[in-house]
> 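What follows is a single structure, and I will ask about it in a moment.
Chain letters run A, B, ... following the sequence lines, proteins first and then strands; every chain starts at 1.
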Protein chains: 2
Amino acid sequence: MVDVTGNPLDPAPVEDSDPLAILPGYTLRRAANAMMAELGTLLGEVDLRVSEASILLLIDGRATMTSTQIGAALDIRSANMAPLVARLDARGLVARVPLDGKSLAVVLTDAGRRVLGEVRRITQDFERDLMRRIPTEHRDHFVPALNALWR
Amino acid sequence: MVDVTGNPLDPAPVEDSDPLAILPGYTLRRAANAMMAELGTLLGEVDLRVSEASILLLIDGRATMTSTQIGAALDIRSANMAPLVARLDARGLVARVPLDGKSLAVVLTDAGRRVLGEVRRITQDFERDLMRRIPTEHRDHFVPALNALWR
DNA sequence: TGTATTTGACTATATTCGATAGGTATGAAG
DNA sequence: CTTCATACCTATCGAATATAGTCAAATACA
């Protein structure tokens with residue numbers, strides 16, 4: 001198969017056993033699946049799923065973020081936010097405090113802040129290891145390229 | 001928040017509304033979700049899921065690939081391969097031909113080859129558009145960086 | 001002001017993907 | 001021939017994501 005990307009920086013031989021490995025979309029999917037599986041395992045240490053940990057990281061230091069706003073930031077539908085926040089609430093990691101008769105702010109509890117410390121440690125180690133696996137000449141291009149695909 | 005990646009090539013301002021956007025793992029997840037949702041929509045035209053289209057692309061021109069081998073190449077468990085191949089078989093896109101009393105080769109049928117033509121058109125357009133969305137200075141680094149994370 | 005519409009949180013439910021556990025029959029190896 | 005590994009499959013679970021729709025509160029506006 002021809003290298004349709006015409007990439008001059010990737011002289012690595014393409015194994016005939018996987019002709020899909022030169023496709024950007026395919027490599028994106030495989031890399032993301034591999035990394036998220038790894039992060040999921042690491043976050044098992046604090047019994048949190050990736051989306052739950054994302055919520056904790058996002059609301060830290062914010063007193064008035066509603067589940068709708070969190071969902072808008074993380075691209076999670078409000079219907080799917082409900083059970084996520086409910087679980088965090090049930091574990092005492094967040095509290096839902098009324099902003100008015102309708103809106104609820106999702107805020108960290110003291111226990112939530114303690115767990116968030118663990119989450120920060122786990123994710124920072126993970127992110128650092130992830131970047132280290134990328135060859136130095138490609139490293140600085142990684143986040144900008146990805147951001148162009150959704151930001 | 002500080003740019004912990006220390007990336008000299010990304011002067012883009014980080015929106016305070018999403019402090020996670022500087023995290024490589026997070027951007028990887030968001031980009032992959034966005035792209036796969038898009039590809040999924042495009043493949044709806046031929047009523048195929050991404051994993052099913054991957055199988056068709058992989059087995060083209062191969063006469064003796066078993067579902068186990070396909071699964072090994074695409075990182076799909078054999079338990080999950082079974083219903084995927086069964087659906088492709090039921091639609092007449094692939095046939096399962098015995099290699100011996102135990103192994104079955106999954107091969108394209110004529111109908112499968114026709115649909116594969118559509119799949120190639122869809123995926124090639126998709127991959128091209130994906131790469132075009134990445135700024136030129138980052139483009140050549142994209143696939144090599146991703147491949148370092150799982151290959 | 002009173003009515004209509006929109007919004008925020010939620011329930012119920014369906015689909016897709018990925019995983020484990022297990023079952024059955026064939027092929028290989030001693 | 002017996003034992004073990006292999007290939008395919010079913011059943012089932014967990015997580016993420018999707019839609020449809022409920023209900024009450026907030027808002028818009030005639």
> Rounded to whole Å, how long is the line connecting atom NZ of K102(B) with atom P of dC9(D)?
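It is 13 Å, rounded to the nearest whole Å.
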> With no hydrogens and no angle check, is any side-chain donor or acceptor of R151(A) less than 3.5 Å from a backbone partner on A21(B)?
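No; zero donor-acceptor contacts below 3.5 Å.
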> Is the backbone of T66(A) close enough, under 3.5 Å, to the side chain of Q69(A) for a donor and an acceptor to pair up by distance?
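Yes, Q69(A) side chain to T66(A) backbone: donor-acceptor pair under 3.5 Å.
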> Contact class for A86(A) vs. all strands (heavy atom < 4.0 Å): base, sugar-phosphate, or nothing?
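No contact.
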> Please determine whether a side-chain nitrogen or oxygen atom of R96(A) lies at a distance below 4.0 Å from atom OP1 or OP2 of dA9(C).
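No.
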> Using whole Å, report how far CG of L99(A) lies from C1' of dT7(C).
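Rounded to whole Å, this separation is 14 Å.
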> With nearest nucleotides of DNA chain C determined for V85(A) and D75(B) from heavy-atom distances, which residue corresponds to the more 5′ nucleotide?
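On the 5' side of the pair lies V85(A).
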> Nearest nucleotide by nearest heavy atom, which residue falls closer to the 5' end of DNA chain C, S103(A) or P83(A)?
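Comparing both residues, the 5'-ward one is S103(A).
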> Closest approach to the side chain of N80(B), judged atom by atom: which nucleotide of dA9(C), dT7(C), dA19(C) is it?
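So the nucleotide nearest the side chain must be dA19(C).
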> In whole Å, what is the span from the CZ atom of R30(B) to the P atom of dA16(D)?
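These atoms are roughly 15 Å apart.
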> Counting only side-chain N and O atoms of N33(A), is one of them less than 4.0 Å from OP1 or OP2 of dG18(C)?
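For N33(A), the contact criterion (side-chain N or O under 4.0 Å from OP1 or OP2 of dG18(C)) is met.
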> Between R87(B) and E52(B), is there a donor-acceptor pair closer than 3.5 Å when you use the side chain of the first and the backbone of the second?
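No; zero donor-acceptor contacts below 3.5 Å.
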> Does S67(A) make a side-chain N or O approach to OP1 or OP2 of dG8(C) shorter than 4.0 Å?
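Looking at the OP1 and OP2 atoms of dG8(C), neither is under 4.0 Å from any side-chain N or O of S67(A).
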> I'd like to know if the side chain of T27(B) reaches the main chain of V143(A), judged simply by a donor and an acceptor atom lying under 3.5 Å from each other, with no hydrogens or angles considered.
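Flag not set: sc T27(B) to bb V143(A) has no pair under 3.5 Å.
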> Given dA25(D), dT10(D), dC17(C), which nucleotide is nearest the side-chain atoms of R49(B)?
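Nearest to the side chain of R49(B) among the choices is dC17(C).
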> Starting at atom CD of E52(B), determine the distance to atom P of dT15(C), rounded to an integer number of angstrom.
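It is 14 Å, rounded to the nearest whole Å.
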> For I76(B), report the nucleic acid contact type (base, sugar-phosphate, nothing); a contact means any heavy atom under 4.0 Å.
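I76(B): no heavy atom of the nucleic acid under 4.0 Å.
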> In whole angstroms, how far is the P atom of dT11(C) from the CZ atom of R87(A)?
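Distance check: R87(A) CZ to dT11(C) P gives 16 Å.
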> Want to settle it: does L104(B) or D100(A) sit nearer the 5' end of DNA chain D, counting the closest nucleotide to each?
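This one resolves to L104(B).
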> Specify whether H141(B) and H141(A) have parallel, tilted or perpendicular ring planes, treating 30° as the upper limit for parallel and 60° as the lower limit for perpendicular.
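The arrangement is parallel - the two ring planes meet at less than 30°.
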> With nearest nucleotides of DNA chain D determined for T66(B) and S78(A) from heavy-atom distances, which residue corresponds to the more 5′ nucleotide?
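This one resolves to T66(B).
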> Write down the distance between CE (M81(B)) and C1' (dT10(D)), rounded to a whole number of angstrom.
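My rounded result for the distance is 16 Å.
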> Would you mind reading off the distance between R29(A) atom CZ and dG18(C) atom C1', rounded to a whole angstrom?
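R29(A) atom CZ is separated from dG18(C) atom C1' by 11 Å.
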> Would you indicate which nucleotide in dC9(D), dA20(D), dT26(C) comes nearest to any side-chain atom of A79(B)?
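Nearest nucleotide to the side chain: dC9(D).
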> Please state how far atom CZ in R77(A) lies from atom C1' in dT13(C), giving the value in whole angstrom units.
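One finds 16 Å between C1' of dT13(C) and CZ of R77(A), rounded.
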> Return yes if some donor-acceptor pair links the side-chain N/O of E127(A) with the main-chain N/O of G25(B) below 3.5 Å, else return no.
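Pair found, side chain donor or acceptor close to backbone of G25(B).
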> Counting any heavy atom closer than 4.0 Å, what does T68(A) reach on the DNA or RNA strands: base, sugar-phosphate only, or nothing?
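Contact class for T68(A): sugar-phosphate only.
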